[in-house]
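Written out below as structure tokens is the structure these notes cover.
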Amino acid sequence: LDHTQTERQSYELLINKTLKQILSYSVGFESEHEEVDYSSYGISFRKDLKTKALFGTIEWIKNKNSWIASARESDHALYGKQFSWNMGFLRELTKNWSLNISSGTAFRSPNSSELYGFGSNNKLLPEVSRSREIGLSKRNRNSSFKIVSFTRDTLNLINFNYADYVLKNVEEASNSGVELRYKWTNNFINGSLILRKQNPQDQNKNQLLRRSKLSSSLNLSKNISGYQFSFNVSAFDRRKDFGNITLPGYALINLASKRDLTEKLSLSVKIENLTNKDYFTAATTNSYYLNQDRSLWLKVAYDLR
């Protein structure tokens, strides 16, 4: 029987300080212990993965300018110490318009399934990304608009190699594009709209498999008699898979509702893939892998504080 059972314990200590609303900083420590019990295609394993990290952030605000810098050093059980950072700058151009620029690096270690599961490769290297972004924003009383241009380069991208039937690190991949974001609030309904056009490529300038060039997302929310209702529709354009197979585009509709029964007790209901849409994110030479049908989620939460 194919299954994945994961137990994760995480602890975090965070210290934050603000000085005269001009300078603020935070430092912290995080420890995570993950135990995985995995079985797929007759391959089974149990594995423990431990990670510790030190991190910090500093933010400085002066006149109409803001600077922020963050750094994180992780000590991974398999890959040792990994360093990531991010720097950002925000400038208020006018009362409503602002400009922001940011850059940073990050890493993603292969998960237990990629290292030990079906098609796994325990010699995989962590993915390392370098990103740059510039955005122009306009804020009004009840709405905000932002246009963002982004570029991301990834080293050692993990992809499945059908020639050897095993996961491997791609030498390099890149993604660049433009994203439009619009948010609004009013008495009738609150919402947000995101439109993205991107160009994910490998080192040979070929489009990365299973990645859409066009995508969009619409979110609506409204509070009615103490119930918080939300609606989401997300759409993705066609993509290419191995063997030059075209994966059809698709759109998914999700609904959710939340009710606070008391100050500490809440109940939420979520329906994913409301229309029971058949959609595919991967294919074989003669078929597609079917994804999740219509699903119902119930959640009860109690705040112990």
Side-chain angles (χ1 to χ4, degrees), residues 1-8 32 34-51 74-84 105-131 151-177 198-215 236-250 278-292:
L1 180 66
D2 290 356
H3 74 274
T4 301
Q5 181 175 325
T6 303
E7 181 178 331
R8 183 180 294 109
E32 182 175 282
E34 180 181 88
E35 296 181 2
V36 181
D37 185 1
Y38 178 91
S39 176
S40 178
Y41 284 84
I43 298 174
S44 301
F45 71 86
R46 295 180 64 92
K47 202 69 180 178
D48 289 355
L49 294 175
K50 296 181 179 180
T51 306
S74 300
D75 189 359
H76 194 276
L78 297 179
Y79 297 104
K81 293 185 177 181
Q82 302 284 341
F83 184 75
S84 57
T105 66
F107 78 97
R108 184 187 77 87
S109 299
N111 59 41
S112 53
S113 175
E114 293 168 332
L115 291 170
Y116 308 106
F118 176 74
S120 62
N121 181 358
N122 58 16
K123 296 182 180 179
L124 289 172
L125 300 174
E127 295 178 343
V128 178
S129 67
R130 300 167 182 167
S131 61
T151 301
R152 182 177 298 110
D153 299 318
T154 304
L155 303 176
N156 303 324
L157 180 71
I158 297 174
N159 256 355
F160 197 84
N161 186 302
Y162 268 79
D164 298 326
Y165 228 69
V166 68
L167 287 165
K168 288 188 175 182
N169 290 106
V170 178
E171 290 183 9
E172 185 176 354
S174 64
N175 189 17
S176 60
Q198 61 183 10
N199 187 27
Q201 296 179 327
D202 62 17
Q203 67 270 18
N204 298 318
K205 304 302 180 181
N206 298 316
Q207 183 179 349
L208 289 176
L209 300 178
R210 303 174 180 174
R211 272 85 166 181
S212 298
K213 286 190 173 183
L214 299 174
S215 62
F236 301 88
D237 196 16
R238 293 174 296 176
R239 296 133 293 139
K240 289 292 185 179
D241 206 344
F242 294 99
N244 204 33
I245 296 175
T246 298
L247 296 168
Y250 63 92
D278 288 344
Y279 68 101
F280 318 97
T281 54
T284 65
T285 54
N286 56 7
S287 64
Y288 296 102
Y289 288 104
L290 185 63
N291 278 266
Q292 173 183 283

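Fair warning: this is a prediction, and the values are worked out from it, not measured in the lab.
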Side-chain heavy atoms of [X] within contact of [Y], under 4.5 Å:
X	Y	result
Arg239	Leu209	no
Thr281	Arg210	no
Leu155	Arg130	yes
Leu49	Val36	no
Leu247	Tyr288	yes

Has the side chain of [X] got a donor or acceptor atom that lies under 3.5 Å from a matching backbone atom of [Y]?
X	Y	value
Ser84	Ala106	no
Asp202	Asn204	yes
Asn169	Ile158	no
Asn291	Tyr279	yes
Glu114	Asn121	no

What pair of heavy atoms forms the shortest contact from [X] to [Y], and how long is it?
X	Y	result
Thr51	Ser74	CG2-CB, 4.4 Å
Leu124	Leu167	CD2-O, 3.7 Å
Ala283	Ile245	CB-CG2, 4.1 Å
Pro126	Gln82	CG-NE2, 4.0 Å
Pro200	Arg211	CG-CB, 3.6 Å
Leu208	Ala173	CD1-CB, 4.0 Å

Look up atom [atom1] in [X] and atom [atom2] in [Y], then write down how far apart they are to the nearest 0.5 Å.
X	Y	atom1	atom2	value
Gln198	Ser215	CD	OG	6.0 Å
Asn199	Ser174	CG	OG	7.0 Å
Leu125	Ser109	CG	OG	10.5 Å
Thr154	Gln203	OG1	CD	11.5 Å
Arg238	Lys213	CZ	NZ	11.5 Å

Compute the ring centroids of Phe236 and Tyr250, then answer whether they are less than 6.0 Å apart.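 Yes: the rings meet the under 6.0 Å criterion.
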Taking only residues two or more places apart in sequence, or in another chain, which ones meet Tyr79 in a ring pair (Phe, Tyr, Trp, His ring centres under 6.0 Å)?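 If we apply the ring pair (Phe, Tyr, Trp, His ring centres under 6.0 Å) test to Tyr79, skipping adjacent residues, the hits are His76.
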Please identify each residue that fulfils salt bridge (Lys or Arg N to Asp or Glu O under 4.0 Å) with Glu172, with sequence neighbours left out.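 Salt bridge (Lys or Arg N to Asp or Glu O under 4.0 Å) list for Glu172, sorted by chain: empty.
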Salt bridge Glu32-Arg8, side-chain N to carboxylate O under 4.0 Å: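 Yes.
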Using side-chain contact (heavy atoms from CB on, under 4.5 Å), reason through Leu290 and Asp278 one step at a time and then give a plain yes or no. CA-CA 7 Å; Leu290 185 63; Asp278 288 344; 3.8 Å; yes
Could you go through Leu115 and Ser120, starting from their C-alpha distance and side-chain angles, then the distance that decides it, and tell me whether this counts as side-chain contact (heavy atoms from CB on, under 4.5 Å)? CA-CA 5 Å; Leu115 291 170; Ser120 62; 5.6 Å; no
Given Thr246 and Lys240, is the side-chain contact (heavy atoms from CB on, under 4.5 Å) satisfied, shown in steps? CA-CA 5 Å; Thr246 298; Lys240 289 292 185 179; 2.8 Å; yes
